[in-house]
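To start, the structure itself, in structure tokens.
What you see below is based on every heavy atom in this structure, not just the backbone, and it leaves out hydrogens, waters and symmetry mates. This structure is a prediction, so every number in the text was calculated from the model and none was measured.
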Amino acid sequence: MSQQSADMVLSSNAVFTGLSNQPEPASIAIKDNKIVAVGSDEEIKPYIGENTKIHQFHDELIMPGFHDFHLHLMDGAVTMNSADLFPARSEEEALEIIREFAESRPEAPWIIGSTWDAGYWDTQELPTRHSLDRILPDRPALLYHAEGHYVWVNSKALEIANITRHTENPPYGIIGRDENGEPNGILYEKAMDAVIRHAYDFTKEQKRELFKDFSTHAASLGITSVHDLFATESMEMLYDYELFKEFEDKEELTTRIHVWPALNGDLERAKKLRDTYQSDKLRMSGLKQFIDGVITARTAYLLEPYADQPETRGETSFPADTIKKWVVDADKEGFSIRFHAIGDGAIRLALDAYEEAQKTNGKRDSRHSVEHVEVIHPDDISRFKELGVTVSMQPDHFAMSERGVYTDRIGPEREKYVFPIHTLQETGANLAFGTDFPIDVLDPLVQIHRAVTRIDSSGKEVWHPHERITLADALKAYTAGSAYGAFREQELGTLEEGKLADIVVLDRNLFEIPAEEIPDAKVQLTVFDGKIIFSNTGAEKKK
């Protein structure tokens with residue numbers, strides 16, 4: 001026998017390699033951390049030795065590990081241990097969830113919650129600090145709106161952060177105020193930072209626990225690679241890349257982490273990080289920044305004014321000239337760049353900045369990216385492919401905001417180009433999917449389901465059926481698309497010989513079930529770097 005025997009073989013009637021649009025029967029041989037062969041049972045037989053573990057599946061789907069192209073790792077880990085306010089349908093219901101949560105954690109110094117959305121409440125009115133003060137007079141509370149661009153806090157939190165009627169708005173931030181000029185308990189964009197700094201002051205040991213929680217959760221969902229993107233200055237205190245390194249050194253990492261610190265003009269720091277983190281499990285992949293906010297808060301930057309508030313069209317987080325200079329300089333140093341851009345004005349500015357970098361520095365394979373791409377001007381649709389820019393989207397986002405509220409903001413003309421996933425994919429641009437966890441749950445199947453069905457927030461209506469994509473294309477966007485966006489298509493994203501063995505097995509073949517059942521599928525097995533990191537199966541047997 002010429003070749004060494006495999007450590008493990010996975011077989012199923014439904015293997016989606018990502019190289020075609022349908023699953024087919026196959027076996028995959030794994031040795032150390034790589035796939036050594038993919039083929040029929042007959043072709044794989046020579047790889048089976050006496051110590052080879054064989055996992056025989058029947059119609060369960062084997063596919064490449066999920067590769068989440070956009071999330072906030074430690075921030076998400078904090079949220080996993082926080083109050084989930086998404087089910088609330090009124091301010092009173094939200095308060096009840098918060099009260100119960102606070103009672104269940106008497107020792108927690110801060111009460112942290114997330115994903116409330118007044119667009120779903122009976123009154124559709126924003127809450128204030130006063131209602132929170134009734135249930136939490138002495139413990140500070142920090143509650144993130146569903147889109148993460150504004151928070152609801154109580155008086156105690158404002159006091160700790162030293163925010164009073166005399167506090168001025170920070171650049172690109174707004175302190176919500178009542179008619180008397182007093183802070184009302186809503187903080188927008190960078191005004192959140194003063195509170196987050198105090199709430200997120202964790203010890204090293206607490207951070208370790210948070211990271212372990214995240215890793216276990218990701219493994220159970222079949223996620224083998226993630227992109228950890230800069231969120232806000234205040235979150236930087238959570239961004240402990242040394243912590244990730246500590247896990248890597250102890251060989252305890254169970255997901256490949258690609259970090260994207262802030263694009264802010266400090267290229268010396270960026271180069272240091274790039275030199276420090278360069279392994280196949282932990283690497284600094286490039287730089288990320290915000291151009292705008294979100295539609296519901298009217299902080300997304302539009303080319304024309306908001307339909308329901310004609311005096312504003314949002315603003316950019318930094319002046320356009322600054323953004324362009326940062327991009328040209330970072331691009332010259334070979335960095336890949338990603339911009340949060342939701343409004344058509346922001347998307348255009350991101351593409352303009354990338355175009356300027358190309359003109360100034362010459363064309364290169366830069367793989368810059370635009371994150372979210374929610375409301376695009378039709379003239380900009382073709383530019384992604386032309387400039388080689390990745391379309392980074394989170395399909396479930398369009399079902400998270402109440403559709404009526406969202407369309408009221410932008411009006412009927414712009415509404416035609418909302419989350420144009422299929423249109424952008426048809427241009428031939430690279431499409432990569434993620435969750436934006438903790439803005440949304442970490443489960444990839446939620447995003448896949450939404451991309452395939454386009455069902456809106458009502459759970460019944462389809463929003464732009466022509467923007468649906470096929471299941472195969474959705475899975476590719478979550479595997480090969482993300483790998484390509486990270487310059488890792490030679491190692492990740494498809495199941496083929498020579499690639500890293502990052503593989504997931506689902507309990508059913510997604511191609512054979514009705515689309516509405518996609519989110520019900522569960523992970524049976526997750527293989528990361530050739531090792532089983534999650535198993536929910538008794539299908540293993542020795543031969």
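Of the N and O atoms on the side chains of Glu311 and Tyr306, not one donor lies less than 3.5 Å from an acceptor on the other residue. Checked by atom type, the side-chain pair Asp436/His72 shows a donor-acceptor distance below 3.5 Å. For the residue pair Asp59/Asn13, the side-chain donor-acceptor check at 3.5 Å is satisfied. Inspection of the Glu461 and Ser458 side chains reveals no N or O donor paired with an N or O acceptor under 3.5 Å. A side-chain donor from one of Ser27 and Ser11 sits under 3.5 Å from a side-chain acceptor of the other.
Cation-pi contact between Arg403 and Phe398: absent, since separation from the ring centre below 6.0 Å together with deviation from the ring axis within 45° is not met. Both the sub-6.0 Å distance and the 45° axial angle are satisfied by Arg367 relative to the ring of Tyr484. Annotation: cation-pi geometry not satisfied between Arg89 and Trp121 (NZ/CZ under 6.0 angstrom from ring centroid, within 45° of ring axis). A cation-pi arrangement is absent between Arg298 and Tyr188 under the rule of less than 6.0 angstrom and at most 45 degrees off the ring axis.
Residues Ile112 and Leu143 have side chains not in contact (no heavy-atom distance under 4.5 Å, counting atoms from C-beta outward). Inter-residue side-chain proximity for Phe211 and Phe244 is flagged as met; some heavy-atom pair is nearer than 4.5 Å. You'll find the side chain of Ile174 stays beyond 4.5 Å of the side chain of Tyr150, heavy atoms only. Contact check for Met393 versus Phe419: side-chain heavy atoms found under the 4.5 Å cut-off. The side-chain heavy atoms of Arg450 and Ile455, taken from C-beta on, include a pair separated by under 4.5 Å. Side chains of Glu517 and Asp520 form a contact here, defined as non-hydrogen atoms less than 4.5 Å apart. Side-chain contact between Asn536 and Phe534: present, with at least one pair of heavy atoms (C-beta onward) separated by less than 4.5 Å. Residues Leu475 and Phe511 are in side-chain contact: their nearest non-hydrogen atoms beyond the backbone lie under 4.5 Å apart.
Between the OG1 atom in Thr299 and the CD atom in Glu189 there is a gap of 4.0 Å [rounded to 0.5 Å]. Here the straight-line distance linking atom CD1 of Ile295 with atom NE2 of His397 works out to 12.5 Å at 0.5 Å rounding. Thr79 contributes atom OG1, which lies 10.0 Å from atom CG of Leu210 (distance to the nearest 0.5 angstrom). Expressed to the nearest 0.5 Å, how far CG of Leu19 lies from OG1 of Thr494 amounts to 5.0 Å. Here CG of Leu10 is found 10.0 Å from CD of Gln56. Values are rounded to the nearest 0.5 Å. The CG atom of Asp440 sits 9.0 Å away from the CD atom of Gln394 when rounded to the nearest 0.5 Å.
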*Trace of the side-chain hydrogen bond (donor to acceptor under 3.5 Å, both in side chains) decision for Thr296 with Glu147*: CA-CA 9 Å; Thr296 58; Glu147 290 181 285; 2.2 Å; yes
*Show your working on side-chain contact (heavy atoms from CB on, under 4.5 Å) between Asp68 and Tyr478 and close with a plain yes or no.*
CA-CA 7 Å; Asp68 191 315; Tyr478 228 117; 3.8 Å; yes
*Would Arg256 and Asp502 count as a salt bridge (charged side-chain N to carboxylate O under 4.0 Å, His left out) if you check the C-alpha gap in whole Å, the side-chain angles of each, and the deciding distance to 0.1 Å?*
CA-CA 10 Å; Arg256 298 183 201 281; Asp502 291 2; 2.7 Å; yes
*Taking it one step at a time, do Tyr172 and Thr316 satisfy side-chain contact (heavy atoms from CB on, under 4.5 Å)?*
CA-CA 8 Å; Tyr172 201 67; Thr316 58; over 6 Å; no
_For Asp352 and Arg348: C-alpha separation, side-chain torsions, deciding distance, then whether side-chain contact (heavy atoms from CB on, under 4.5 Å) applies._
CA-CA 6 Å; Asp352 286 351; Arg348 179 165 294 175; 3.6 Å; yes
*Test side-chain hydrogen bond (donor to acceptor under 3.5 Å, both in side chains) on Lys385 and Asn430 and set out the steps.*
CA-CA 7 Å; Lys385 171 71 174 156; Asn430 182 47; over 6 Å; no
*His67 and Leu492: side-chain contact (heavy atoms from CB on, under 4.5 Å), yes or no, with the steps?*
CA-CA 9 Å; His67 189 143; Leu492 298 171; 4.1 Å; yes
*Would you sort out whether Trp463 and Glu415 count as a side-chain hydrogen bond (donor to acceptor under 3.5 Å, both in side chains), showing the intermediate values?*
CA-CA 10 Å; Trp463 199 349; Glu415 195 271 341; 2.5 Å; yes
*asked:* Checking Arg338 against Glu371 for the salt bridge (charged side-chain N to carboxylate O under 4.0 Å, His left out) test, could you report, in this order, the C-alpha distance in whole Å, the side-chain angles of both residues, the deciding distance, and whether it holds?
replied: CA-CA 7 Å; Arg338 299 171 67 169; Glu371 308 301 309; 2.8 Å; yes
*Going through the checks in order, is the side-chain hydrogen bond (donor to acceptor under 3.5 Å, both in side chains) test met by Ser40 and Glu43?*
CA-CA 5 Å; Ser40 64; Glu43 290 166 316; 3.2 Å; yes
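Contact check on Arg383 versus Glu355 returns a salt bridge, with a Lys/Arg side-chain nitrogen under 4.0 Å from an Asp/Glu carboxylate oxygen. A salt bridge is absent between Glu356 and Lys359: the closest approach of a Lys/Arg side-chain nitrogen to an acidic carboxylate oxygen does not fall below 4.0 angstrom. The residues Asp507 and Lys522 are annotated as not salt-bridged, no charged nitrogen and carboxylate oxygen being separated by less than 4.0 angstrom. Using a 4.0 Å cut-off between charged nitrogen and carboxylate oxygen, Lys281 and Asp529 count as a salt-bridge pair. Salt bridge Glu467/Arg454: absent, no basic N to carboxylate O contact under 4.0 Å.
Considering His227, His372, His258 as possible partners of His70, the one that fulfils the ring pair (Phe, Tyr, Trp, His ring centres under 6.0 Å) test is His372.
Proximity of a side-chain donor or acceptor of Gln309 to a complementary backbone N or O of Thr312 within less than 3.5 Å is not detected. Between the Thr470 side chain and the Asp473 main chain, a donor and an acceptor come within less than 3.5 Å of each other. Between the side chain of Asp380 and the backbone N or O of Ile376 there is no donor-acceptor pair closer than 3.5 Å. The backbone N or O of Trp260 sits nowhere less than 3.5 Å from a side-chain atom of Lys288 that would complete a donor-acceptor pair. Asp292 contributes a side-chain N or O that, together with a main-chain N or O of Ile342, makes up a donor-acceptor pair within less than 3.5 Å.
Smallest separation of non-hydrogen atoms from Gln524 and Leu506: CG-C, 3.9 Å. When all heavy atoms of Asp117 and Ala146 are compared, the pair lying nearest together is CB-CB, 4.2 Å. Nearest heavy-atom pair across Thr224 and Thr526 is CG2-CG2, 3.9 Å. Minimum heavy-atom separation, Glu304 to Arg414: O-NH1, 2.8 Å. The two residues Arg508 and Leu61 make their nearest non-hydrogen contact at O-CB, 3.5 Å. The two residues Phe69 and Ala486 make their nearest non-hydrogen contact at CE1-N, 4.2 Å.
Centroid-to-centroid, the aromatic rings of Trp152 and Tyr144 stay 6.0 Å apart or farther.
With sequence neighbours excluded, the residues forming a salt bridge (charged side-chain N to carboxylate O under 4.0 Å, His left out) with Arg364 are Asp331, listed by chain and number.
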